Engineer: 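Here you go, one structure.
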Amino acid sequence: MKDWSGVGDAYSASYAALCAGTFSAMREVLGEGNGRSLVDVGAGDGTLAARWAADGWTVTACEPEPTMRAASRRLHPRIETIDGALPTLPFAEGEFDVAIANFVLNHVDSPRSAAAELRRVSRGAVVATVWTLSPSWLWAEITERAGIAPFVGARLSDAEDFERTSDGFGRMLQEAGLPHVAVTEIDWIWNADPDSLWLSVDGGVAGAGALYAGLDQAERQRFRTAFDTVVEERSVRGSLPLEHRAAIAVSAGR
């Protein structure tokens, strides 16, 4: 569990593009929008919501963090962006044709309650994703090279946690009451801009940002040196190719 307060601009400049990498796989399942309604829960800066809107969906972006909402409204003013957080969304039962939660259920206190709420507000499909190979592997290597203790965030209780695999994700959603759950896994390479990656750290995004914020000056210098070394070793034509993997779960409806 991580604190996402105040990171809207830094997230928008860095990980928003990575997290939208699931769009094509989700679109294959849902098809074109053709005016159907969709709520993107935990929409961040609206990057993914904008892609749904461009594909013909009537989109509502729902995001609890104020700086994320501000970024969404600035970057995508035509998309309705409202304040709302799982597990209690400000929508009527069955208000949307589809509910989306992209890399959200791994950041809530009660994944099953949150998943059940997604089902409540959708009269059709629910689509949710989690990392099975997350960006944290890169920062774990950099932290180790820098000789710094790794970041340890708050953990879910055993009763709330779930196995971060395709099978484990699917079981958790079924336990939450979602019917007809099918889970697939996708891999992709994100060609990250090193400067944007560093902005995510300096801006406090995710575990690496939280770790960096708590370091003293000497530790920060070691962390930056380790980062620069990894970039030098692995960059290809100015970009850092990073492997990621996600589980995409679809509940076909009521």
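Counting from 1, the numbers follow the sequence of the chain as shown. When reading the values below, keep in mind they use all heavy atoms of this one structure, side chains included, and skip hydrogens, waters and symmetry mates. Quick caveat, the model's predicted, so the values are computed rather than measured.
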Engineer: Nearest 0.5 angstrom please: Leu18 CG to Trp188 CH2, how far?
Structural biologist: 5.5 Å
Engineer: Is any NZ, NE, NH1 or NH2 atom of the basic residue among Asp83 and Arg69 found under 4.0 Å from an Asp or Glu carboxylate oxygen of the other?
Structural biologist: yes
Engineer: Ignoring hydrogens and geometry beyond distance, is a side-chain donor-acceptor pair present between Asn191 and Ser239 at under 3.5 Å?
Structural biologist: no
Engineer: Report the C-alpha distance between Arg224 and Asp202 in whole Å, list the side-chain angles of each, state the deciding distance to 0.1 Å, and finish with yes or no for salt bridge (Lys or Arg N to Asp or Glu O under 4.0 Å).
Structural biologist: CA-CA 10 Å; Arg224 180 61 198 248; Asp202 198 39; over 6 Å; no
Engineer: Can a donor-acceptor pair be found, under 3.5 Å and without considering hydrogens, that links the side chain of Thr129 to the backbone of Ile248?
Structural biologist: no
Engineer: Indicate yes or no: at least one non-hydrogen side-chain atom of Ile82 is less than 4.5 angstrom from one of Phe91.
Structural biologist: yes
Engineer: Where do Thr132 and Glu185 land on the side-chain hydrogen bond (donor to acceptor under 3.5 Å, both in side chains) test, with the steps shown first?
Structural biologist: CA-CA 8 Å; Thr132 52; Glu185 201 168 47; 2.8 Å; yes
Engineer: Should Glu141 and Arg145 count as an ion pair when the cut-off is N to O under 4.0 Å?
Structural biologist: yes
Engineer: Give the C-alpha distance, both sets of side-chain angles, the deciding distance and a yes or no for ring-ring contact (aromatic ring centres under 6.0 Å, His included) between Tyr212 and Trp198.
Structural biologist: CA-CA 11 Å; Tyr212 187 75; Trp198 184 254; 5.2 Å; yes
Engineer: Is it the case that atom CD in Glu175 sees more than 12 heavy atoms from other parts of the structure closer than 6.0 Å?
Structural biologist: yes
Engineer: Salt bridge check: are Arg51 and Asp55 linked by an N-O gap of less than 4.0 Å?
Structural biologist: no
Engineer: Quick one: does Ser122's side chain have a donor or acceptor within less than 3.5 Å of a partner on Leu118's backbone?
Structural biologist: no
Engineer: Given 3.5 Å as the limit, does a donor-acceptor pair link the side chain of Glu93 with the main chain of Arg120, or not?
Structural biologist: no
Engineer: Check whether any side-chain N or O of Asp40 sits under 3.5 Å from a backbone N or O of Ala61 as a donor-acceptor pair, and report yes or no.
Structural biologist: no
Engineer: Please answer: with hydrophobic residues joined when any side-chain heavy atoms are less than 4.5 Å apart, are Tyr11 and Trp131 in the same cluster?
Structural biologist: yes
Engineer: So if you build clusters from Ile, Leu, Val, Met, Phe, Trp, Tyr with side-chain heavy-atom gaps below 4.5 Å, do Trp190 and Ile142 land together?
Structural biologist: yes
Engineer: Taking atom CD as the centre, does Glu233 end up with more than 12 heavy-atom neighbours from other residues, nucleotides or ligands that are less than 6.0 angstrom away?
Structural biologist: yes
Engineer: Is Arg171 close enough and on-axis enough to Phe169, meaning under 6.0 Å and within 45°, for cation-pi?
Structural biologist: no
Engineer: Please determine whether residues Leu199 and Val231 belong to a single hydrophobic cluster, defined as Ile, Leu, Val, Met, Phe, Trp and Tyr linked transitively by side-chain heavy-atom distances below 4.5 Å.
Structural biologist: no
Engineer: Would Arg27 and Glu32 pass as an ion pair if we require N to O under 4.0 Å?
Structural biologist: yes
Engineer: Testing the 3.5 Å rule here: is there a donor-acceptor pair between the side chains of Asp167 and Thr165?
Structural biologist: no
Engineer: Taking all non-hydrogen atoms of both residues into account, name the closest pair between Ala115 and Leu178 and its distance.
Structural biologist: O-CD1, 3.4 Å
Engineer: Could you tell me if the side chain of Leu211 sits less than 4.5 Å from the side chain of Leu215, heavy atoms only?
Structural biologist: yes
